[in-house]
Amino acid sequence: MITPGVIHNGRNYLTHHLRKNDYWAEGEREVQGEWIGLAAEALGLSGTVTDDPFDALRENRHPQTGEQLTARERKHRVAFSDIQLSAPKDVSVLAMVGNDERVREAFIESVKMVLGEMERYAAVRERRGNAATTEAFRLTGNFVGGLFIHDASRALDPQLHAHAVLANATWDAERNAWFALQPAEMIRASPYLRQVLYRELAGRIRALGYEPYDMSSTGFSVRGVEHLRERFSKRSNQVNKLAEELSAKKGRKASKGEVEVLVRESRGDKLTEASTEAVRMSQRAELTKSEARGLDDLVRAARAEPLREQWSHGQARVVLDAALRHVYERSSVAREGVVLSAALEFHPDFFHWRELREALATHPDVIRKEGEMTLRSICREEALTVQRVVNGKNQRFGIGGAGDLPETLTVGQRNAAKAILRSRDFVSVLVGDAGTGKTTVLTAIEQSHLKSGGQRFMPLAPTTKARDALVKSGFESADTVQQFLVSQGLQSQAVGRVVLVDEAGLLSTRQLDQLTQITYNLRARLLLVGDTKQHYSVERGDALRNVIINSQTPVARLAEVLRQRNEEDRQFSRLLASGEVADAFEYADRRGLIREAETDDALFAKAAEHYVANQVKGIETLVVIPFWDEIDRFNAQARPALRDAGLLGETEVVREAVKPLTWTLQQRAHWNQYQVGDRLLFARDTRFFKRGAAAEVVAILRNGLIAKGADGREAKITRKQSTAFNVGRVQALSVAKGDKILIRGHHPQSGLANGDFKEVALVEPETCRVVFTDGKELPTDFAAWTYGHALTSYRSQGTTSEESLLVLGEVATRALARRQFYVGNTRFRGAHAIYVSQKEEIFRRLSQPDRGRELATEFVERRRLAEREQMTSRVQQNLSDLVRRAQLSDAMREEQSKGQRYSL
């Protein structure tokens, strides 16, 4: 593992922690640190870490001259970053309990190799030009720090680990000065660096005569040692036990924050009465005679083995291409470490990580700058869409006359409708803030088109939920964009017609590339309707924003908020739509919309109480919770409260449901990602499984899976079928009369579609039947469903409710995005409340800059501007140097002249 930490003062950190193991005896030799990093060489530091230079770095001073190192001095500045690198438990057992010093040395050499790779990601904040107020960074490729090796946990388990303690300074050759180290890029690359550590270490362990196997993102095993792993994991077992006890007490899984508190509070003091010899004897004493003999025999046999070469399977380019397909399915721009990490995780038997990095450096499709990357093919995809839009300007038929618009439209709605009707462009764009009446305007535009002799619009939407919203709004023939892209029949119907795409902000760049190509060739018109401030597509790219900013196509806009009845509520929506999120938060707080709870448990209990009270009163209420983990916590509070209120039946049946893993296509085709017991949810018909069916993974093969259907029939799944299903982990959910159910897949035979909401009318314990109020049933072979008492903000987009509740717990303090906050606060007509447990943390989160998701073309342009600014800065610096040298020369000549006059 690689675990980062921050040291703010560190006055006694060297003597009380780094030089001490988690045990020591009086007079025992201390742990000696070693200077590491290219910047250490630049500062004249090498060999053993000593007190004076370490303290100088802690105080931001040059260890040789004593001068201030970096320009910025803060009162509570970070002194060091402590990066902890840990060996897998099997390796620690071999080194410490097996007493094979060669294994310890292999770990140290592997750590040094990884730190060299980590140093490539050392960076500084880019504070010049347009980047002055952003989080932009630039790689410097150097750091200075000390490396310390420890070998025990607080519970005295063997735990071989290293502390790389990095000073908060790096040399910026671009600006010829020392600046504060920006460790964020190294931390972001830690999944990749962890993979490098495991491969380096496994290769060295194998060379020493051992057999490492079962490589994964969390480590690897060593043959002959794995049965001792549990014995020497007392500390982790202690934390796990405490977490289980807390989960049992609360009736739910302990949150990440709660586990962190358990770790902190259960940590014992270091032992000052135990010597290394005593610790080793204590560890050996935990083995039976048979186990001790077996471990000694294993070490003896390994020492007798001749050195072996490292092994590896696969070609670097093939391994890399799989990772590129995975990463860029959902991102247009990604960090180098993310791609390299994915490549190694997909191929656990591939060890040549250096060759992988070389393949990346020479890949013809990759554009790489400062540790970030995009693909030329994605740039082309974005550019081709824009080019079609530009080429189609003033090249199509008019839609209708403005005189046919209804008088009921507001001034803003009428102006937007007129702009669309007047346009003769291939692509027209209507952007409307949340609650501005986009559907009303679309209906009016279509009616004008029909009165002018045109045909009904061909309505499309990116999701089934958005499609259903179109149907309810009067566009009865609405279908999904994906269905249109694959259906020759639908495409043939679009010739010469207006193709309307609602919620176009959810389109990916791939989808819009295909859509514009098809409709352009059909001589159709494309009307894109959406809001770029709301959620974007799951697939890569913000296609609508790409068209708006790069094609200069005219945009009709709706900004008058109409959804909320109350003017103060409309003002709240306007602030959110204008991007003034922090102001909107403060405005909501002043109006009493924000309701704070002391803890997350109290938060979900209060929100559930509010929801149930509304259900009793018959008030239509939408509960929005951005993250699924927190929805589970809400459901755990809401269902008992509904039962107490008489809205949920006492009789329950337990049915299997599947929690989706949201894997990419590439992940689904790599069999090492699966676990026995995983469920495959089929979205398309295959030879053995029909659309809507669920199958259980019963065996994992090198070239596929064995899956068992509900009828007990087994079939082999190969790469060919991997695109036909989604993958999830099974869970058992209780269902009672009155429960609301969200359908998360398609089951054509039962008439169930993804995004449907159903209310349970009847459950039969004997047969496990679940019957909905509309007479339909939950099929026995269908597992793509969950509770529907609360929705994510993504699922809620496009919906309107009389009242809404936005619930933001601990996860939101770490991961809430502005668009989630915007969508979650704009679904209501009459009343709204925001439930939080950490109001200040949520406010701080929303106040931070939000870059959103970058397009490939934006990345290329950003880096081009950065390079131009850097070049300008270098030129200015060179000119300044020339001026200083000229001034110095003039001064020297003046002094020489004075000296000559004095001598005369």
Side-chain angles (χ1 to χ4, degrees), residues 399-423 425 427-449 457 459-462 466 469-470 472-475 478 498-507 525-536 542-549 551-581 584 796-801 818-819 822-829:
I399 293 181
D404 294 322
L405 292 173
E407 296 297 326
T408 54
L409 295 181
T410 68
V411 173
Q413 290 175 332
R414 179 174 291 274
N415 289 337
K418 284 181 179 179
I420 298 296
L421 291 170
R422 283 196 300 264
S423 172
D425 294 342
V427 174
S428 297
V429 177
L430 173 64
V431 169
D433 295 339
T436 53
K438 292 188 288 291
T439 304
T440 301
V441 175
L442 291 175
T443 302
I445 293 173
E446 185 188 44
Q447 289 303 314
S448 178
H449 182 55
F457 289 175
L460 302 175
L470 275 175
K472 290 178 181 177
S473 300
F475 296 94
V498 177
V499 177
L500 161 67
V501 182
D502 195 20
E503 296 291 351
L506 295 175
L507 288 174
R525 284 200 59 170
L526 192 56
L527 175 54
L528 303 177
V529 184
D531 182 1
T532 56
K533 297 183 293 297
Q534 297 190 47
H535 285 286
Y536 36 56
D542 298 342
L544 181 60
R545 189 164 61 83
N546 179 40
V547 167
I548 292 172
I549 66 175
S551 72
Q552 283 79 51
T553 192
V555 177
R557 296 186 181 275
L558 294 170
E560 184 181 359
V561 178
L562 303 171
R563 178 175 291 158
Q564 288 79 37
R565 299 191 189 95
N566 185 295
E567 170 55 28
E568 289 181 320
D569 290 331
R570 291 197 291 269
Q571 174 61 15
F572 179 42
S573 290
R574 283 193 287 269
L575 285 171
L576 290 166
S578 66
E580 304 295 332
V581 179
S796 73
Q797 183 165 316
T799 62
T800 302
S801 180
R818 288 187 175 189
R819 64 189 66 241
Y822 173 45
V823 172
N825 280 307
T826 53
R827 302 299 97 200
F828 67 100
R829 287 186 297 263

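Position 1 is the first residue of the sequence; numbering continues from there.
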Shortest non-hydrogen contact from [X] to [Y]?
{"X": "Val501", "Y": "Ala504", "value": "O-CB, 3.8 Å"}
{"X": "Glu407", "Y": "Arg414", "value": "CA-NH2, 3.5 Å"}
{"X": "Ala584", "Y": "Phe572", "value": "O-CE1, 3.4 Å"}
{"X": "Lys418", "Y": "Ala402", "value": "CG-CB, 3.8 Å"}
{"X": "Val823", "Y": "Arg827", "value": "O-NE, 2.9 Å"}
{"X": "Val561", "Y": "Arg574", "value": "CG2-CG, 3.7 Å"}

Does [X] reach the main-chain N or O of [Y] with its side chain, forming a donor-acceptor pair under 3.5 Å?
{"X": "Glu560", "Y": "Thr410", "value": "no"}
{"X": "Ser448", "Y": "Gly401", "value": "yes"}
{"X": "Gln447", "Y": "Leu405", "value": "no"}
{"X": "Ser578", "Y": "Leu575", "value": "yes"}
{"X": "Ser551", "Y": "Ile548", "value": "no"}
{"X": "Ser423", "Y": "Ala419", "value": "no"}
{"X": "Arg525", "Y": "Val427", "value": "no"}

**OP:** Classify the angle between the aromatic ring planes of Phe475 and Phe457 as parallel (below 30°), tilted (30 to 60°) or perpendicular (above 60°).
**Re:**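 Plane angle under 30°, so parallel.
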
Original post:
Just how far is it from atom CG of Leu500 to atom NE2 of His449, taken to the nearest 0.5 Å?
Top reply: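 Atom-to-atom, Leu500:CG and His449:NE2 are 11.5 Å apart.
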
Original post:
Checking side-chain contact (heavy atoms from CB on, under 4.5 Å) against Leu558, which of Val441, Asp531, Val529, Asp433 comes through?
Top reply: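 Passing option: Val441.
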
**OP:** With the side chain counted from C-beta on, respond yes when Val547 and Thr553 share a heavy-atom pair under 4.5 Å apart, and no when they do not.
**Re:**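 Yes, close enough: below the 4.5 Å cut-off.
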
Original post:
Are any non-hydrogen side-chain atoms of Thr826 and Gln534 less than 4.5 angstrom apart?
Top reply: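 When only atoms from C-beta onward are counted, Gln534 and Thr826 do not touch, as no gap falls below 4.5 Å.
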
Original post:
Would Leu442 and Leu527 satisfy side-chain contact (heavy atoms from CB on, under 4.5 Å), going step by step from the backbone distance to the final call?
Top reply: CA-CA 10 Å; Leu442 291 175; Leu527 175 54; 3.9 Å; yes

**OP:** Report yes or no: do Thr800 and Arg563 form a side-chain donor-acceptor pair below 3.5 Å?
**Re:**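 The criterion, which ignores hydrogens and geometry beyond distance, is satisfied for Arg563 and Thr800.
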
Original post:
Are a donor atom and an acceptor atom from the side chains of Ser573 and Gln564 found within less than 3.5 Å of each other?
Top reply: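 Yes - a donor-acceptor pair under 3.5 Å links their side chains.
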
